[in-house]
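Computed from a prediction, not measured in an experiment: that's the story for all the values here. We count residues from 1, following the sequence as given. Heavy atoms only: backbone and side chains are in, while hydrogens, waters and symmetry mates are out.
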Amino acid sequence: MDTHTTENLVTEVVLPGVVEPSGLRIRTRPAPEPAAGEVLLALEASGVSFAEQQMRRGKYYDQPAFPFVPGYDLVGVVLRAGAGVDASLVGRRFAALTKVGGWASRVVLPVTDLVEVPGGLDPADAETVVVNGITAWQMLHRVARVRAGGTVLVHGANGGVGSTLVQLAAHAGIRVIGTASPRHHDAVRALGATPLDYRATDLPARVRELAPGGVDAVFDHVGGDGIVDSFRLLTRGGTLVSYGTASTRDVAGSSRLPVLKLVGRLLLWKALPNGRRTHFYNIWAGKRRAAAFQERLRTDLGQVFALLAQGAITAQVAARVPLGRAAEAVRLAESGTVTGKVVLVPDPLPHPEA
């Protein structure tokens with residue numbers, strides 16, 4: 001085996017169009033070289049998020065044209081630094097939010113996109129709180145701004161964002177009610193939430209039993225008509241934070257229409273004089289002001305990494321699957337049978353030939 005040749009190749013997962021997981025393609029090509037202001041990362045972990053599940057259906061709001069390499073976030077070690085980049089970064093571990101391109105063994109990124117991972121953190125553990133941790137932290141502390149002693153409702157409390165959000169809220173002294181299927185209730189309870197069956201026909205009444213005056217925030221990734229109940233469960237001064245349209249994931253048609261309909265509904269409710277707030281969370285909001293966006297991202301992810309390193313929250317790794325078996329990872333992530341996040345890790349190195 002020519003290891004020099006292997007090190008200069010990149011293996012990547014390509015999404016060629018609207019396909020089943022089995023339609024994902026594995027491609028090998030020469031590894032890219034970092035230009036000025038860029039670094040070349042060796043992948044250690046990249047997650048399977050809900051965004052990729054939507055992308056393979058052509059349902060993510062602003063996904064690129066097919067074909068492309070998915071991968072919303074990653075953790076990796078710097079292999080090479082481009083011109084103008086501090087050479088001391090080589091060999092150090094960083095996380096990055098990418099939106100696409102993360103499902104590759106070698107990835108070139110601007111150095112400004114990097115957030116250093118604290119020493120001692122397992123790469124896959126760290127990966128579970130990149131997009132999930134930023135999303136959960138910003139929704140809880142920047143958008144809803146719930147204080148200790150408050151009560152929140154987290155839909156999908158066993159999922160990647162949900163399980164992180166439950167832990168962050170519990171750590172902040174906030175009471176959490178979490179919806180999930182009954183098979184996940186023990187796991188949700190262990191995270192620090194009171195579990196409820198998301199399919200229960202009397203779910204709003206069950207929430208009211210636990211929070212008679214309403215909840216201070218609802219975090220809803222489902223959208224659809226159920227968003228009405230989420231809004232009605234708010235106490236006066238409470239905030240509905242919507243961050244997805246999972247209910248329309250498998251519905252044919254426009255990827256934009258469900259989001260636009262949802263945002264329109266939220267804006268209408270926000271205008272009502274009822275003392276309740278609504279917000280559609282978008283992790284990329286403010287990206288046009290690049291420096292401020294990156295500083296906020298580094299600050300918030302740094303807070304989550306610190307809690308993870310301290311053991312105040314725990315990584316919810318549903319499974320570690322080699323990159324070359326991405327189809328298996330996607331099927332597992334979409335199965336509804338796991339708690340936390342499915343993580344892609346590097347393929348095993350081939351045995352040297354005798």
Side-chain angles (χ1 to χ4, degrees), residues 1 3 6-15 21-22 24-29 31-32 39-53 55-56 69-79 91-109 113-134 159-161 163-164 301 304-305 308-309 313-335 337-352:
M1 173 65 63
T3 56
T6 303
E7 290 174 358
N8 286 282
L9 294 176
V10 55
T11 299
E12 56 191 12
V13 181
V14 179
L15 183 57
S22 59
L24 292 170
R25 298 175 184 169
I26 306 298
R27 177 174 70 191
T28 301
R29 63 182 178 86
V39 297
L40 176 67
L41 286 167
L43 180 75
E44 292 186 301
S46 183
V48 182
S49 305
F50 184 70
E52 289 95 6
Q53 299 174 37
M55 286 178 186
R56 80 162 185 84
V69 176
Y72 214 88
D73 59 359
L74 60 84
V75 170
V77 171
V78 175
L79 288 180
R92 289 158 60 183
R93 176 173 294 134
F94 292 90
L97 196 62
T98 54
K99 187 180 281 190
V100 295
W103 291 4
S105 61
R106 302 285 186 269
V107 181
V108 166
L109 290 173
D113 287 354
L114 304 182
V115 179
E116 189 150 21
V117 177
L121 280 185
D122 176 84
D125 287 352
E127 204 290 325
T128 66
V129 297
V130 182
V131 64
N132 292 344
I134 296 167
V161 172
S163 61
T164 305
L301 183 53
V304 179
F305 276 157
L308 185 61
I313 63 173
T314 58
Q316 302 299 305
V317 180
R320 302 168 191 243
V321 181
L323 185 66
R325 290 160 49 193
E328 177 185 325
V330 172
R331 281 193 293 268
L332 181 60
E334 295 185 5
S335 69
T337 63
V338 299
T339 295
K341 191 171 187 180
V342 176
V343 178
L344 292 168
V345 297
D347 291 303
L349 292 174
H351 294 293

| query | Under the 3.5 angstrom rule, does the side chain of Glu127 hit a backbone N or O of Val75 as a donor-acceptor pair? | reply | no
| said: I need the minimum non-hydrogen distance between Leu332 and Ala319, along with the two atoms involved. | reply: CD2-CB, 3.5 Å
| task | Look at atom CZ of Arg25 and say whether more than 12 heavy atoms of other residues, nucleotides or ligands are closer to it than 6.0 Å. | result | no
| field | Over all atoms of both residues, closest heavy-atom pair of Leu74 and Gly102 | value | CD2-CA, 3.8 Å
| query | Which atoms form the tightest heavy-atom contact between Gly340 and Ser163, and what is the distance? | reply | CA-OG, 4.1 Å
| task | Calculate, to the nearest 0.5 Å, the distance between atoms CG and CG belonging to Asp73 and Asp113 respectively. | result | 12.5 Å
| request: First locate atom CG of Asn8, then atom CG of Leu79, and finally report the distance between them rounded to the nearest 0.5 Å. | output: 9.5 Å
| request: Evaluate the side-chain proximity of Leu97 to Val131: yes if any heavy-atom separation is below 4.5 Å, no if none is. | output: yes
| message | With rounding to the nearest 0.5 angstrom, report the CD to CZ distance, Glu116 to Phe305. | response | 10.0 Å
| request: Please tell me if the side chains of Ile26 and Val13 come closer than 4.5 Å, counting only heavy atoms from C-beta onward. | output: yes
| field | Pair Gln316-Thr339, side-chain contact (heavy atoms from CB on, under 4.5 Å): steps then yes or no | value | CA-CA 7 Å; Gln316 302 299 305; Thr339 295; 4.1 Å; yes
| request: Could you give me the CA-CA distance, side-chain angles and deciding distance for Thr128 and Thr164, then say whether side-chain contact (heavy atoms from CB on, under 4.5 Å) is met? | output: CA-CA 9 Å; Thr128 66; Thr164 305; 5.9 Å; no
| Shortest non-hydrogen contact from Ala318 to Val338? | CB-CB, 3.7 Å
| remark: Residues at least two apart in sequence or cross-chain that pass salt bridge (Lys or Arg N to Asp or Glu O under 4.0 Å) with Arg27, listed by chain then number, are Glu12
| Asp347 and Ser105, any side-chain heavy atoms less than 4.5 Å apart | no
| Can you list every salt bridge (Lys or Arg N to Asp or Glu O under 4.0 Å) pair that touches residues 94-103, not counting sequence neighbours? | Asp62-Lys99
| task | List the steps and the verdict of side-chain contact (heavy atoms from CB on, under 4.5 Å) for Trp103 and Val48. | result | CA-CA 9 Å; Trp103 291 4; Val48 182; 3.9 Å; yes
| note | What one should report as the nearest heavy-atom pair of Gly71 and Ser46 is CA-OG, 4.2 Å
| To the nearest 0.5 Å, what is the distance between CG (Leu24) and CD (Glu52)? | 10.5 Å
| message | Per the salt bridge (Lys or Arg N to Asp or Glu O under 4.0 Å) rule, what does the pair list look like for residues 40-51, sequence neighbours excluded? | response | Glu44-Arg93
| Does Arg331 reach the side chain of Ser22, with side-chain heavy atoms less than 4.5 Å apart? | yes
| task | List the steps, then state whether side-chain contact (heavy atoms from CB on, under 4.5 Å) holds for Phe94 with Leu109. | result | CA-CA 11 Å; Phe94 292 90; Leu109 290 173; over 6 Å; no
| said: To the closest 0.5 Å, what do you measure between OG1 (Thr11) and CG (Leu323)? | reply: 7.0 Å
| message | Tell me the closest heavy-atom pair linking Ala45 and Val343, and the distance in Å. | response | CB-CG1, 3.7 Å
| task | Would you give the length of the straight line joining atom CG of Asn132 to atom CZ of Phe50, rounded to the nearest 0.5 angstrom? | result | 12.5 Å
